[in-house]
Amino acid sequence: MPELPEVETVRRGLEPVLDGHVLADVVQRRPDLRWPLPERFAERLTGRRVMRLRRRSKWILIDLEAGAEVPETWMVHLGMSGKMLIDGAETADLHHDRATPQKHDHVVVTTDAGARITYNDARRFGAMDLWPTATLSEHPQLATLGPEPLGNDFNAAVLEVAFAGRMTPVKAALLDQKTVAGLGNIYVCETLFRSGIHPTRMAGSISAKRVAVLAREIVATLGEAIEAGGSSLRDYRKADGELGYFQHAFKVYDREEKPCVTGDCVGEIRRIVQSGRSTFYCPKCQR
DNA sequence: CTCAGCTCCTGCGGGC
DNA sequence: TGCCCGCAGGAGCTGA
């Protein structure tokens, strides 16, 4: 499910319950997610204080105070179906209640303030790791990532260089986390639509001017989605304690055969499959 | 090296 | 109602 905006929303939702708090109790309910969890995972998290929550691409990075060892970072990737659910002392009004674990609840953390954070992941494409904070950028999953689209290292020129010579559809190039980090299937479709670029166009063949539009739309689209996530976060307690899922109106994603939303466009959204994944686009607006 | 296709896993919705 | 199929927001691996 989650792409960069959803992951950022989850990070922001976790912040008030985790930041500055001690992980008083950690329960690991199976040995692996996508990969085996690190040795003595629960034991190594237990008793450590959270110093900061960061995000890199689709990874949530939870910096921990040094325990018996050096400062380490608890890394969390939600994969396709990973969810973070919060309940406990401060959310006793929730009908959502994890007192007894439910199906696919894999990791359960209780803080010193009595908040309970449950990681639930049906498809188990998610991942967790524990890595020294000082060398985090060398972690195998982080080392190859491209620039953070909402960071200072991303702009039109950078995207142009990344596209240069790429004889692959721009859709695939944008899904490649080495090009830009954090985009997934939905936001690639949306940004290409907003940029008027056809998804099958070869990345290396797009003019500098149009790459600049694309870079700008990537930043704008992600920013707006995070904003939408933030507003949903403010009343997530009314829902079910599940972080990161929010209503967002997509212009093309999952709108096959629906009318194009562009003002005077009479076209309808089309769905094609590119490298095994659905692409949605307007054949009239995107060239 | 680059790229397309397959793969992991479970759940859900549509068609019959 | 139940069964079967295709599909799902990620991304690593394989082999051409």
Side-chain angles (χ1 to χ4, degrees), chain A residues 1-11 29-37 55-60 75-84 101-107 119-129 139-146 149 161-193 199-205 218 221-222 224-226 228-229 232 242-257 269 271-281:
Chain A
M1 145 233 128
E3 302 185 27
L4 188 153
E6 290 78 19
V7 175
E8 176 59 23
T9 301
V10 172
R11 188 198 68 79
R29 304 190 61 243
R30 57 172 300 132
D32 60 322
L33 295 171
R34 175 170 190 156
W35 296 293
L37 287 163
R55 179 191 53 74
R56 171 74 169 112
S57 185
K58 298 170 192 167
W59 287 90
I60 296 169
M75 304 170 59
V76 180
H77 196 298
L78 302 172
M80 290 273 260
S81 54
K83 300 167 174 57
M84 285 290 190
Q102 296 173 27
K103 202 174 183 184
H104 308 306
D105 283 356
H106 303 313
V107 176
Y119 177 78
N120 177 287
D121 185 359
R123 293 177 72 182
R124 239 182 300 129
F125 289 166
M128 288 191 193
D129 205 356
H139 187 280
Q141 312 301 323
L142 303 183
T144 58
L145 290 174
V161 169
F163 278 179
R166 296 281 296 271
M167 290 303 290
T168 191
V170 62
K171 164 81 190 300
L174 289 176
L175 277 179
D176 182 350
Q177 301 296 296
K178 290 192 285 297
T179 309
V180 195
L183 294 177
N185 206 34
I186 292 179
Y187 291 104
V188 167
C189 292
E190 295 296 311
T191 55
L192 287 174
F193 172 75
T200 62
R201 183 171 287 279
M202 292 297 129
S205 77
I218 287 171
T221 306
L222 294 177
E224 288 165 26
I226 289 173
S232 79
E242 182 174 315
L243 293 175
Y245 290 74
F246 48 89
Q247 288 298 320
H248 197 68
F250 300 120
K251 293 186 166 78
V252 288
Y253 185 81
D254 206 22
R255 293 197 63 243
E256 186 179 14
E257 292 179 22
I269 305 308
R271 173 183 175 271
I272 56 172
V273 175
Q274 291 179 283
S275 41
R277 311 195 62 190
S278 291
T279 300
F280 299 89
Y281 70 102

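Just so we're on the same page: letters track the sequence lines, and every chain starts at 1.
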| task | Sugar-phosphate atoms are those with a prime plus P, OP1 and OP2; base atoms are the rest. Using that split, label each nucleotide of nucleotides 4-11 of chain B B, S or - for protein heavy atoms under 4.0 Å, 5' to 3'. | result | S---BBBS
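The interatomic distance linking A:Met80 (CE) with C:dG6 (P) rounds to 17 Å, in whole Å. To the nearest angstrom, P of C:dA8 lies 11 Å from CD1 of A:Ile186. For the pair A:Met75 CE and C:dG10 C1', the interatomic distance rounds to 15 Å; values are reported in whole Å. Between the P atom of C:dG9 and the CH2 atom of A:Trp59 lies a distance of 19 Å, rounded to the nearest Å. The distance from atom CG of A:Asp176 to atom C1' of C:dG12 is 12 Å, rounded to the nearest whole Å. The CG atom of A:Leu175 sits 16 Å away from the C1' atom of B:dT2 (whole-angstrom rounding). At whole-Å resolution of the value, CD in A:Glu256 and P in C:dA8 are 10 Å apart. Rounded to a whole Å, the CG atom of A:Leu174 is 16 Å from the C1' atom of C:dA11.
A:Thr221 and A:Glu190 form no side-chain donor-acceptor contact under 3.5 Å, judged by distance and modelled atom types alone. Side-chain polar atoms of A:Lys103 and A:Asn120 form no donor-acceptor pair below 3.5 angstrom.
On the P atoms, C:dA11 is 23 Å away from B:dC12, given to the nearest whole Å. For the C1' atoms, the distance from B:dC3 to C:dG9 is 23 Å, rounded to whole Å.
Between A:Tyr187 and A:Phe250, the ring-plane angle classifies as perpendicular under the 30° and 60° cut-offs.
At the phosphate of C:dG9, OP1 or OP2 sits under 4.0 Å from a side-chain N or O atom of A:Arg277. OP1 or OP2 of C:dA11 has at least one side-chain nitrogen or oxygen of A:Lys58 nearer than 4.0 Å. For C:dG9, one of the phosphate oxygens OP1 or OP2 lies less than 4.0 angstrom from a side-chain nitrogen or oxygen of A:Tyr253.
Rounding to the nearest 0.5 Å gives a distance of 11.0 Å between CD1 of A:Ile269 and NZ of A:Lys251. Distance CE/A:Met128 to NE2/A:His106: 9.0 Å, rounded to 0.5 Å.
Within the nucleic acid shown, A:Trp35 comes within 4.0 Å of sugar-phosphate atoms alone, with no base atom in reach, counting heavy atoms only.
Nucleotide B:dG14 is matched to C:dC4 when pairs are restricted to Watson-Crick or G-U wobble geometry with both distances under 3.5 angstrom. C:dG9 is unpaired under the criterion used here, namely a Watson-Crick or G-U wobble arrangement in which both key atom distances are under 3.5 Å.
Side-chain contact between A:Arg166 and A:Asp176 is present, with at least one heavy-atom pair separated by less than 4.5 Å. Under the 4.5 Å side-chain criterion, counting only non-hydrogen atoms from C-beta, A:Leu78 is in contact with A:Tyr119.
Checked against C:dG12, B:dC3, C:dA8, the side chain of A:Gln141 finds its nearest nucleotide in C:dG12. Between C:dG12, C:dG9, C:dA11, one nucleotide has an atom nearer to the side chain of A:Gln177 than all others, and that is C:dA11.
A:Thr179 places a side-chain N or O within donor-acceptor distance of the main-chain N or O of A:Ala173, the cut-off being under 3.5 Å.
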